[in-house]
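Right, one structure below, let's go through it.
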Amino acid sequence: MTPIIKAVRGTRDFYPRQMAFRNWLYGHIRAISEKYGYQEWEAPILETLDLYAAKSGEELVQEQAFVFEDRGGALVALRPELTPSLARMVAQRAQQLPRPIRWWSFGPFWRYERPQKGRVREFFQWNLDLLGSQSVSADAEVASVSAELLMALGLTPEQVVFRVNSRSFMEYCLAEIGLSDIASGAVFGLIDRIDKLSEEKWAANGAAIGLADKQLVMLRELLLDRERWRQSEDLCTFFKAVEALGMRKWFEFDARVVRGLDYYTGVVFEARDRDAKYRAILGGGRYDKLVADVGGESIPATGFAMGDVVVGLVSEEAGLIPDLSGCNTQILVTLFAEEFTEQSMLLARDLRAANLAVEVFPDAVKLQKQLRYADRQGIPLAVVLGPDELDSDEVSVKHLQSGAQHRVSRAGLVAGVLSLLDGESSS
RNA sequence: GUGCCUGUAGCUCAAUCGGUAGAGCGCCGCACUGUGGCUGCGGUGGUUGUGGGUUCAAGUCCCAUCAGGCACCCCA
């Protein structure tokens, strides 16, 4: 046997069962997004490298993007994130698009990273953005939409927490303790690591970027102060807004959350499982300068992204994923013998005309095998048409779960099948 | 891109000190030639990830490589 060629590292094969999960997720995403008035859109998966070079942060482009030359010699990248494409498309039609712009999208992204649990090279991401409003209530709205999605999946505030902060407020706080001279990127990097490093190592890193001992103490105090948000008008507004939207219980202030991407300017947030066992489920915030940075007019914007991998792990652990076989067939029409092929196909055709999902077993193998197949696929009904049935112009309908089998007249088949399926869905 | 750990049947795993690969589940068949699940019996299953090396002998030791996991990095 020739060896099977391996899949590309970090990619996942979506067999029907996995595809059913992805579609289950997609269905919830679509329903929630539309409920809040967002419109679906999509960008190319391939973009010119220049688009990302403009903004996303050096790390993302230089080390994590799949970059290559096309046949004409131009440098292109498999998109590592969607926001630059969004900024590009909005900038191109800035004059004609009615504002506010509420858009959502779900599609594949690529990052050349080392795969591990919760992190792969090709992943699917839900993006939802609101452009054209500077209001903090816009930040609260997108954050609430993401919380609604988690709620729709069956997760609760006991299982997931949204941690919220504001970059502009943090910059103000940092200035208060005399850190405005130090590059804010470096300080944000330090803030990001407070939970990952030991106290000594963290202090050493802080000293390395120029913080005095006293400043380190004040910074630590700032980061652990759970009530500091009350001094921020924006954050007060944010929490009032999520309260009005009925989502307050999902959100907590946390000064340690600053988010990695360079382009965030205002409110930032991320959702994680309470035990912090996994990576962030989703993350987002305000990015008021990005549209202008890719060459458009200045348009304020806020939004978030949620990858499919971590939310899948968290949902699975919480036991929320329904039985998804990936099989939607309602009826299997068995094939008793070769010479019944036409009769069986006609039966299937009648059933399909009534909008039922029907498959015909393609080979006249033992009924045993055909029913076994129906059982394994989770097909609820099997129809048998053999010589006995043909003689009396009837067919047999078997309900797999109960084992009950009925003879119905050929003409009454559709009605009989419908009533059996009805009993099934209501039970 | 860096460090550490792990790769044995389709899946989950065994195999003592280096001694010539085994179980459960699955799959196939039969009991049951017009009826699935449950049960019983039988069968199929492998270049031990791949390539080299050491050895009389390698699943086991060594090197390389690929893949997965953990940490770093980064982030969905």
Side-chain angles (χ1 to χ4, degrees), chain A residues 1-12 15 25 29 56-65 79-83 105-128 146 189 192-193 196-197 201 257-262 264 268-272 277-284 303-314 332 334-337 340 361 364-391 395-405 407:
Chain A
M1 212 162 68
T2 54
I4 298 167
I5 294 181
K6 286 180 180 169
V8 173
R9 185 178 198 190
T11 60
R12 291 165 297 163
Y15 288 87
L25 183 63
I29 285 171
S56 299
E58 298 307 310
E59 172 89 27
L60 196 59
V61 176
Q62 290 183 2
E63 294 182 27
Q64 295 186 354
R79 60 184 188 187
E81 58 160 338
L82 189 62
T83 312
S105 183
F106 182 81
F109 294 84
W110 292 79
R111 286 187 195 171
Y112 196 83
E113 291 190 283
R114 192 140 165 192
Q116 47 189 272
K117 203 176 186 91
R119 190 171 76 181
V120 291
R121 287 185 172 183
E122 185 202 42
F123 56 96
F124 287 76
Q125 198 178 62
W126 175 35
N127 281 261
L128 183 137
S146 67
D192 228 22
R193 281 171 191 75
K196 293 179 183 167
L197 300 177
K201 275 196 167 176
V257 173
V258 288
R259 304 299 303 156
L261 292 172
D262 294 343
Y264 288 124
V268 290
F269 60 93
E270 66 181 31
R272 304 192 67 126
K277 195 168 155 188
Y278 302 106
R279 297 156 199 287
I281 298 168
L282 60 90
F304 66 84
M306 181 188 83
D308 67 315
V309 181
V310 178
V311 76
L313 289 170
V314 173
L332 175 73
T334 59
L335 181 57
F336 191 84
F340 287 81
F361 205 90
V365 296
K366 287 184 180 178
L367 270 183
Q368 196 178 155
K369 270 197 157 181
Q370 301 188 33
L371 288 169
R372 186 166 154 74
Y373 168 78
D375 189 49
R376 292 188 45 186
Q377 289 283 56
I379 299 171
L381 295 182
V383 169
V384 179
L385 176 67
D388 296 351
E389 286 86 354
L390 199 63
D391 282 347
V395 294
S396 294
V397 182
K398 177 156 188 157
H399 186 251
L400 277 286
Q401 208 179 356
S402 65
Q405 184 163 327
R407 280 282 195 94

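For clarity, every value in this text was computed on a predicted model and none was experimentally measured. The chains referred to below are lettered A, B, ... by the order of the sequence lines, with proteins before strands, and numbering in each begins at 1.
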Handout entry: C1'-based separation of B/G10 from B/G45 [nearest Å]
Key = 9 Å

Practice task
Starting at atom CD of A/Glu113, determine the distance to atom C1' of B/A76, rounded to an integer number of angstrom.
Solution key: 9 Å

Exercise for the section: Have a look at A/Phe336 and say if it touches a base, only the backbone sugar-phosphate, or nothing, with a 4.0 Å heavy-atom cut-off. Expected result: base

Practice task
Indicate, with a heavy-atom threshold strictly under 4.0 Å, whether A/Asp388 touches base, sugar-phosphate, or nothing.
Solution key: base

Practice task
Quick one: look up who B/G51 pairs with, Watson-Crick or G-U, both distances under 3.5 Å, and put none if it's unpaired.
Solution key: B/C63

Exercise for the section: Tell me what A/Lys117 touches on the nucleic acid: a base, only sugar-phosphate, or nothing, going by heavy atoms under 4.0 Å. Expected result: sugar-phosphate

Exercise for the section: Look at the side chain of A/Gln368 and decide which nucleotide, out of B/G34, B/A76, B/C32, has an atom nearest to it. Expected result: B/C32

Problem - Sugar-phosphate only, base, or nothing, as touched by A/Ala374 at under 4.0 Å among non-hydrogen atoms - result: nothing

Practice task
Look at all strands and tell whether A/Leu282 reaches a base, only sugar-phosphate, or nothing, counting heavy atoms closer than 4.0 Å.
Solution key: sugar-phosphate

Handout entry: Short side-chain to backbone donor-acceptor contact, A/Ser402 and A/Ala404, under 3.5 Å
Key = yes

Problem - Whole-Å distance separating the CD atom of A/Gln370 from the C1' atom of B/C28 - result: 17 Å

Handout entry: B/U8 versus B/G59 - spacing of their C1' atoms, nearest Å
Key = 6 Å

Exercise for the section: Assign A/Gln405 to base, sugar-phosphate, or nothing according to its heavy-atom contacts below 4.0 angstrom with the strands shown. Expected result: base

Exercise for the section: May I ask you to check whether A/Phe361 and A/Tyr373 place their ring centers less than 6.0 Å from one another? Expected result: yes

Handout entry: Phosphate OP1/OP2 of B/C30: any A/Lys366 side-chain N/O under 4.0 Å
Key = yes

Problem - Distance below 4.0 Å between A/Gln64 side-chain N/O and B/C75 OP1 or OP2 - result: no

Problem - Flag side-chain contact, heavy atom, 4.5 Å: A/Met306 against A/Ser146 - result: no

Completion exercise
On RNA chain B, more 5' by nearest nucleotide between A/Pro387 and A/Tyr112 is A/Tyr112

Practice task
Would you mind pulling out the nucleotide paired to B/G3, Watson-Crick or G-U wobble, both distances under 3.5 Å?
Solution key: B/C70

Exercise for the section: Identify the nucleotide, in any strand shown, that forms a Watson-Crick or G-U wobble pair with B/G45, with both distances under 3.5 Å; if there is none, say none. Expected result: none

Practice task
Give A/Pro115 one of three labels, base, sugar-phosphate or nothing, depending on what nucleic acid heavy atoms sit under 4.0 Å from its own.
Solution key: sugar-phosphate

Practice task
Figure out the CD1/C1' separation between A/Ile379 and B/G37, and round it to whole Å.
Solution key: 15 Å

Practice task
Measure the distance from CD on A/Gln116 to C1' on B/C72 and round it to the nearest whole Å.
Solution key: 9 Å

Practice task
Could you check whether A/Phe109 and the base of B/A76 form a stacked pair, meaning centres closer than 5.5 Å and planes differing by less than 30°?
Solution key: no

Practice task
To the nearest Å, give me how far apart CG (A/Leu371) and C1' (B/C32) are.
Solution key: 13 Å

Problem - Watson-Crick or G-U wobble partner of B/G22, both distances under 3.5 Å - result: B/C13

Exercise for the section: Taking atom C1' in both B/G53 and B/G18, compute the distance separating them and give it to the nearest angstrom. Expected result: 16 Å

Handout entry: Side-chain donor/acceptor contact of A/Glu389 with base of B/G34 under 3.5 Å
Key = yes

Problem - Rounded interatomic separation in angstrom, taking CZ from A/Arg279 and C1' from B/A71 - result: 10 Å

Practice task
Taking only the side-chain nitrogens and oxygens of A/Arg119, find out if one of them lies under 4.0 Å from OP1 or OP2 of B/G68.
Solution key: no

Practice task
Would you indicate what A/Arg272 reaches in the nucleic acid, counting non-hydrogen atoms under 4.0 angstrom: base, sugar-phosphate, or nothing?
Solution key: nothing

Handout entry: Check: A/Leu381 and A/Leu332 side chains under 4.5 Å, non-hydrogen atoms
Key = no

Problem - Selection from B/C32, B/A76, B/C72 that lies nearest to any side-chain heavy atom of A/Tyr264 - result: B/A76

Practice task
Using a cut-off of strictly less than 4.0 Å, decide whether A/Arg9 has a side-chain nitrogen or oxygen near OP1 or OP2 of B/G68.
Solution key: yes

Problem - Sidechain N-carboxylate O distance under 4.0 Å for A/Glu113, A/Arg119 - result: yes

Handout entry: A/Gln125 versus A/Arg79, side-chain donor and acceptor atoms under 3.5 Å
Key = no

Practice task
Would you indicate what A/Gly10 reaches in the nucleic acid, counting non-hydrogen atoms under 4.0 angstrom: base, sugar-phosphate, or nothing?
Solution key: sugar-phosphate

Handout entry: Inter-nucleotide P distance (B/C11, B/A71), Å rounded
Key = 25 Å

Completion exercise
A/Arg12 atom CZ is separated from B/G68 atom C1', nearest whole Å, by 15 Å

Exercise for the section: May I ask you to check whether A/Trp126 and A/Phe304 place their ring centers less than 6.0 Å from one another? Expected result: yes

Handout entry: Rounded distance in Å between the P positions of B/C25 and B/U33
Key = 25 Å

Practice task
Under 4.0 Å between any heavy atoms, over every strand shown, what does A/Val311 touch: base, sugar-phosphate, or nothing? Just pick one.
Solution key: nothing

Problem - Cation-pi geometry met for A/Arg121 and A/Tyr112 (6.0 Å, 45°) - result: yes

Problem - Sugar-phosphate only, base, or nothing, as touched by A/Val120 at under 4.0 Å among non-hydrogen atoms - result: base

Fill in the blank from the handout: As its Watson-Crick or G-U partner within any shown strand, both distances under 3.5 Å, B/G37 has none

Practice task
Indicate, with a heavy-atom threshold strictly under 4.0 Å, whether A/Glu122 touches base, sugar-phosphate, or nothing.
Solution key: nothing

Practice task
Considering just the side-chain nitrogens and oxygens of A/Lys369, establish if one lies under 4.0 Å of OP1 or OP2 belonging to B/U35.
Solution key: no

Problem - Pair of N/O donor and acceptor under 3.5 Å linking B/U2 base with A/Arg114 side chain - result: yes

Completion exercise
To the nearest angstrom, the CZ-P distance between A/Arg372 and B/U39 comes to 12 Å

